[in-house]
Amino acid sequence: PQPRAPTDRRASRFAARRQAGQASPAIGTNFPLMNAAELQDFARRYTEAWCSHDPDSVASFFAEDGSLAVNGQQPAVGRPAIADVARGFYDAFPDTVVILDLARLAGDRAVYMWTYEGTNTGPGGTGHRVRFNGWVQWTLDGNGLISVSDGRFDTAEYERQLAHGV
């Protein structure tokens, strides 16, 4: 199935709930309009977007000025830059698969835990298969889009798998 990007209807629903004062105090200030079930749905669709191999679909889950940082590196800011990050993974690993391991609210943030699988057969690739886990801390905006994504994975294990395979 084609992944569903956040829609104007969904953003309108979030805005209407915010105006109506229906924020859940248990969710926190950065999640005034998303409950646990909505986060699960969002994370599932985000995972589908990564598996679609469409960089623009991945970027559509971010605010226009959203950011994506990986392992403390300089963040990609804005949808075009975020799409370029996704494109880089697809170029290096044409068979990219992302698996949703866990998504949960954590105070005023959300945590998205994932497994990445692929074979490094892109230009200059090693031909080795990788499978590694990581996690992302998200801050969402009032429209239910990612404003900040700060992700981590074990770089040493990733490099080992690139050199030797899983």
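All heavy atoms count here, side chains included; hydrogens, waters and symmetry mates do not. Nothing fancy with the numbering, it's 1 onward along the sequence. This one's a predicted model, so the numbers in the text were calculated from it and none came from an experiment.
Between D41 and R45 a salt bridge is recorded (basic side-chain N to carboxylate O distance below 4.0 Å).
With hydrogens and angles ignored, the 3.5 Å screen pairs a side-chain donor or acceptor of D141 with a backbone N or O of N143. In this structure, the side chain of H53 engages the main chain of T96 through a donor-acceptor pair within 3.5 Å. Looking at E64, its side chain never comes within 3.5 Å of a backbone N or O of R79 through a donor-acceptor pair. Using a distance-only test at 3.5 Å, with no hydrogens or angles considered, no donor-acceptor pair links the side chain of E159 to the main chain of A156. Remark: side-chain polar atoms of D54 are not paired, donor with acceptor, to backbone N or O of A49 under 3.5 angstrom. For the pair T126 (side chain) and A163 (backbone), a donor-acceptor distance under 3.5 Å is absent. Formation of a donor-acceptor pair under 3.5 Å by the N71 side chain with backbone atoms of Q73 is not found in this model.
Taking NE2 of H128 as the start and NE2 of H164 as the end, the distance is 8.0 Å to the nearest 0.5 Å. Atoms OG and CD1, on S67 and I82 in that order, are 6.5 Å from each other to the nearest 0.5 Å. For the atom pair CG (L68) and CG (D84), the distance works out to 11.0 Å, reported to the nearest 0.5 Å. Here the CZ-CG distance, from R44 to L100, works out to 9.5 Å after rounding to the nearest 0.5 Å. Note that CG of N35 is 8.0 Å distant from CG of L105, once rounded to the nearest 0.5 Å.
Taking every heavy atom of both residues into account, L39 and A103 meet most closely at CD2-C, 4.1 Å.
Residues N120 and V130 fail the side-chain proximity criterion, which asks for heavy atoms closer than 4.5 Å. Using a 4.5 Å heavy-atom cutoff, the side chains of L140 and L145 are not in contact. The shortest distance between side-chain heavy atoms of D101 and W135 does not fall below 4.5 Å. The shortest distance between side-chain heavy atoms of D150 and R109 does not fall below 4.5 Å. Looking at heavy atoms from C-beta onward, T47 lies in side-chain contact with Y112 at the 4.5 angstrom threshold. Counting heavy atoms from C-beta on, the side chains of V58 and Y90 come closer than 4.5 Å.
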Exercise for the section: Show your working on side-chain contact (heavy atoms from CB on, under 4.5 Å) between V136 and W114 and close with a plain yes or no. Expected result: CA-CA 8 Å; V136 179; W114 48 264; 3.5 Å; yes
Problem - Audit row: D95, R129, side-chain contact (heavy atoms from CB on, under 4.5 Å) steps and yes/no - result: CA-CA 10 Å; D95 61 346; R129 183 157 180 74; 3.7 Å; yes
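Between W50 and Y46, the two ring planes are perpendicular [angle over 60°; tilted spans 30° to 60°].
The 12-atom threshold is exceeded at CZ of R152, counting heavy atoms of other residues, nucleotides or ligands nearer than 6.0 Å.
With a 4.5 Å cut-off between side-chain heavy atoms of Ile, Leu, Val, Met, Phe, Trp and Tyr, the cluster of V166 takes in none.
Listed by chain and residue number, Y116 satisfy the ring-ring contact (aromatic ring centres under 6.0 Å, His included) test with F93 (two or more places apart in sequence, or in another chain).
Ring to ring, W138 and F61 are not that close: their centroids are 6.0 angstrom or more apart.
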